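These notes concern the structure reproduced below.
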Amino acid sequence: MDNEELLKILESTQEEENDRLKVGPEEYDPGETLAQLSDGVLIEYIANLSQDPRKDFTREEYFRDKEIKQREHDEATRQERGEIHPPIFAGCTIYINGYTKPGRLQLHEMFVSYGGNFLHYLSGKRKITHIVATNLPLKKRLEFRNYKVVRPEWITESIDQEKLLPWQNYALSWDQEQKNLQFKAASPPPSDTIDCKDPNFIQNFFENSRLHHLSNWKADLRSKFLNDTFTKPSPGDSLSIFHIDFDCFFATVAALSCNTCDIDRDPIVVCHGTKSSDIASCNYVARKYGIRNGMWVSRAKTLLPPDVELVCLPYNFEQIENKSKIFYEVLKDYEIKFDLILPISIDEAVCVIINNHSIEPIDCDQICRDVRSQIWEKTKGCTVSIGCSDFLVLSRLNLKLAKPNGYRVLTQDQLTKDEQFWDDFLAKFSIDDLPGVGYSIVSKLRADNPELDNLLQLKQYYHNSLPLLQKCVGKKTGNKIFSFLQGKDDQESSRMIYQPEEFFARKSLSIEINWGIRFDTVQEIDDFIDSCAVYLVRKLIDLNKKTSQITMKLMRRSAHAPIEPAKYLGMGECDALSHTSRLGIPTSEVGVIATELKCTFRLLACPPKELRGVGVQFNKLVEVSSSVGGQQDKLRLPFQKTLNFELFNNLPNDVKADFSKELKRRDIIITGGPSVRSSRPTTYQERFMEELPTQIRNEVKHDMRITEKIKKTKLSELREQTRKKKESIKNVRAHLLGRESLFEPIKFQKETRFKDICKIVLDWVDATLIDGPHEKDLELFETYLDRLSDANRVPLILRISKLISTRLNLKSNYHGEDSGFQEWERFLLTVIIPKLNKNKHTFQTVRKLDIDFDL
DNA sequence: CGAGGCGCCCAG
DNA sequence: CATCGCTGGGCGCCTCG
């Protein structure tokens with residue numbers, strides 16, 4: 001496309017925009033709008049209007065107004081109906097162009113009730129994620145050519161299926177020919193091309209991830225357990241504990257639906273691939289050759305003799321769920337009622353009978369035989385093994401000996417009465433057969449005594465010296481292992497039996513994806529973060545909970561690790577970066593959470609192409625019921641209910657009356673006195689942008705948009721304020737001056753330190769916004785920047801300047817007039833920015849190699 | 001010296 | 001073709017007041 005054509009398009013769209021603007025304001029009803037705003041939003045709104053120097057109040061303000069109004073209205077509709085739909089469109093904002101079927105109103109209603117945002121006007125095209133249309137004239141086609149233009153079916157079919165379908169499948173074809181072709185092709189979703197940039201990636205990944213299923217099933221079973229009734233034993237009760245576990249569950253299920261293999265003769269594994277694929281489960285024939293769960297297929301193949309072929313079977317998650325359901329039903333319906341059926345996982349449960357002395361003693365052997373045969377029959381071919389005892393750890397050890405396809409009943413008395421018998425028993429187990437003892441703890445124990453191999457040796461080595469063991473592995477772990485070696489459970493282990501409701505209660509919610517993560521741009525990652533937020537919030541709402549603390553964990557390719565690791569699309573060797581945000585207020589709003597996460601991602605400064613994994617955790621969960629009502633509204637207001645007179649006075653005359661009425665109705669007082677605000681933030685921003693090299697202006701703008709969003713949510717302001725209270729200015733200053741070496745030992749090879757420095761600098765900025773930074777500190781800081789510059793690490797300077805600028809931007813409302821703020825602004829503009837400009841040329845090349853925050 | 005945060009560890 | 005390396009909770013160690 002040549003320049004002239006481009007210009008034409010630009011002009012024409014501008015005209016159209018203007019046309020639209022002329023009609024807009026007639027529908028404006030300020031009274032109605034204002035009444036729908038919360039106090040905090042109202043006050044901020046007035047402040048914004050008053051601050052804006054371009055005071056014609058017909059364009060931007062009108063649309064902003066309209067938008068707020070619309071959103072509040074949508075929210076109200078959503079709540080009035082009391083219908084709770086999954087927020088499948090969360091994070092999406094649409095604009096509907098022209099005639100559609102179903103009609104505009106219907107689509108609007110559908111879209112917002114499923115969590116989407118709707119814009120009546122193309123006020124700022126940037127905010128829109130999708131444009132909905134059935135056909136577009138040529139002019140519009142060009143105008144929208146960089147947007148996701150979809151057919152209305154995208155909305156209706158997504159709602160039908162209750163999930164966000166990939167818009168690509170509903171993209172409006174540019175010409176009729178193509179459209180016809182598409183209909184003929186009947187385009188089934190090409191499932192093999194789903195990568196992490198696809199909106200359905202997470203769903204697709206989870207559908208195939210065994211570990212995700214294991215975690216998910218476990219959570220479901222726990223929640224089911226809590227909804228059931230059970231009899232809780234008291235300490236001192238005599239118990240019979242049955243630890244029941246399927247034998248190589250996944251492999252058995254897979255083999256059952258495969259009629260060409262023999263589970264007793266062929267070495268069978270369950271896996272996705274042929275080389276670097278994890279073995280989820282292997283049968284006992286395979287184990288005979290040394291094959292283990294978790295091993296890669298390629299390795300397993302090397303363990304077999306040349307004439308034996310490994311049988312790789314696919315996962316059959318559906319049948320696994322099915323057999324597990326039968327398993328739990330058998331346990332529940334068993335004729336001698338279990339007092340507790342504690343779910344350990346999809347294929348494993350601990351059943352407890354409280355021995356009541358008034359009735360005949362139970363026959364544990366008989367129960368084991370009954371349960372085993374019933375499960376064998378009802379699952380049509382799955383075997384379970386059972387370990388039974390009167391203590392959890394002993395049941396587990398018995399189970400280990402019972403496997404495969406057997407059972408074993410031995411009480412603590414029987415096991416430990418005779419010391420020789422007990423020693424022989426212990427000698428049968430390796431150290432990591434103890435529950436809670438894995439690779440790392442074994443290594444610690446071996447560091448003390450490399451000879452340690454089995455539990456008997458472990459017992460003999462630490463003999464009666466608990467302190468020695470605790471010194472090696474820690475207090476509680478030492479205590480636990482020591483108890484186990486006596487054939488007893490420690491307190492923590494038995495909590496599952498004695499306080500099951502507390503033990504099984506959910507305390508956190510998280511998502512983690514460390515496979516298939518290969519992004520190029522921040523925008524793609526933003527979309528991905530949105531998907532994560534939507535996924536988690538959906539669960540959060542299901543749980544009827546809100547969260548007040550969010551942790552983001554990123555996996556970043558280690559500097560020396562190859563770009564592509566051995567495992568296809570695997571994460572390879574990574575450094576973990578993490579950051580926790582306190583929200584101040586519990587929330588379940590996907591927008592707030594997603595914005596916070598996107599900010600956090602920027603703070604962690606992981607170059608998009610280096611990203612190999614993303615994790616998000618909601619750490620502090622609170623019941624929704626405890627945070628609704630008036631309390632929340634109060635918390636939402638970081639301001640007192642007063643309004644500065646000058647702010648009010650600055651308003652255009654025609655709207656003053658409306659506000660006046662509304663303020664009176666709400667008892668908001670207008671206070672006198674000179675204004676504390678000016679329009680400087682705008683100036684500051686413009687100046688800053690002006691100074692930046694053009695090629696990075698866009699990305700700064702992008703970041704600022706995110707920051708703007710945060711401002712709107714209010715949460716961050718509140719958070720910053722509460723955080724600030726805790727901060728001691730003195731401490732930070734002492735930190736910088738006291739350790740003059742702070743900027744000294746920067747090892748440029750090791751970038752993790754840069755993150756810390758960013759953190760410190762931001763804290764420093766926060767703490768000195770009022771009184772200003774110490775001259776000496778600034779000097780040191782400048783020296784540090786110079787050294788970065790000398791070492792060709794200009795991107796780092798860019799990053800730090802961006803962090804400072806966004807921080808200042810965020811704070812401008814509160815500290816714009818403070819001398820500290822001004823001092824920082826001066827430093828940014830006169831010291832840091834010139835360094836960036838000076839390095840423009842090197843910067844471009846370095847940037848390609850190092851960070852790639854392109855837009 | 002207790003509370004709380006961070007990160008490692010473990011299980012299935 | 002590959003491949004689907006999750007997720008929740010405990011514990012140890014550190015820092016902060």
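Note that these values count all heavy atoms, side chains included, but never hydrogens, waters or copies made by symmetry. In what follows, chains carry the letters A, B, and so on, assigned in the order in which the sequence lines appear, proteins first and then strands, with residues in each chain numbered from 1. What you see is a predicted model, and the numbers here were worked out from it, not measured in a lab.
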Distance flag, aromatic centroids of A:Phe503 and A:Tyr498, threshold under 6.0 Å: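 So the answer is no for these two rings.
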
Check: A:Phe242 ring centre within less than 6.0 Å of A:Tyr407 ring centre: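 Ring-ring flag for A:Phe242/A:Tyr407: false, centres at least 6.0 Å apart.
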
Sequence-aligned protein contact record of nucleotides 4-12 of chain B, with B where the base is within under 4.0 Å of a protein heavy atom and S where only the sugar-phosphate is: -SSS-SSSB

At less than 4.0 Å, is any side-chain N or O atom of [X] found next to OP1 or OP2 of [N]? Yes or no.
X        : N     : result
A:Arg210 : C:dC6 : no
A:His212 : C:dC4 : no
A:Ser277 : C:dA2 : no

Suppose we screen for ring-ring contact (aromatic ring centres under 6.0 Å, His included). Which residues come up paired with [X], at least two apart in sequence or across chains?
X        : result
A:Tyr284 : none
A:His213 : A:Trp217, A:Phe317
A:Phe528 : A:Phe519

Nearest non-hydrogen partners of A:Glu348 and A:Phe327, listed with the distance: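 A:Glu348 and A:Phe327 have their closest heavy atoms at N-CE2, 4.0 Å.
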
Side-chain donor/acceptor pairs under 3.5 Å, residues 468-486 of chain A, sequence neighbours excluded:
residue	atom	partner	partner atom	Å
A:Gln470	NE2	A:Lys475	O	3.1
A:Ser483	OG	A:Asn479	O	3.0
A:Gln486	NE2	A:Phe482	O	3.3

Touch class at under 4.0 angstrom, heavy-atom based, for A:Ala505 against every strand present: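 Here A:Ala505 touches the backbone only, sparing every base.
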
Atom pair distance, as rounded to whole Å: CG in A:Asp278 and C1' in C:dG5: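 Checked: the CG to C1' distance equals 6 Å.
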
Polar atom pairs (N or O), protein with nucleotides 13-16 of chain C, under 3.5 Å:
none

CD (A:Glu309) with more than 12 external heavy atoms under 6.0 Å: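 Counting neighbours around CD of A:Glu309, 12 or fewer heavy atoms of other residues, nucleotides or ligands fall under 6.0 Å, so no.
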
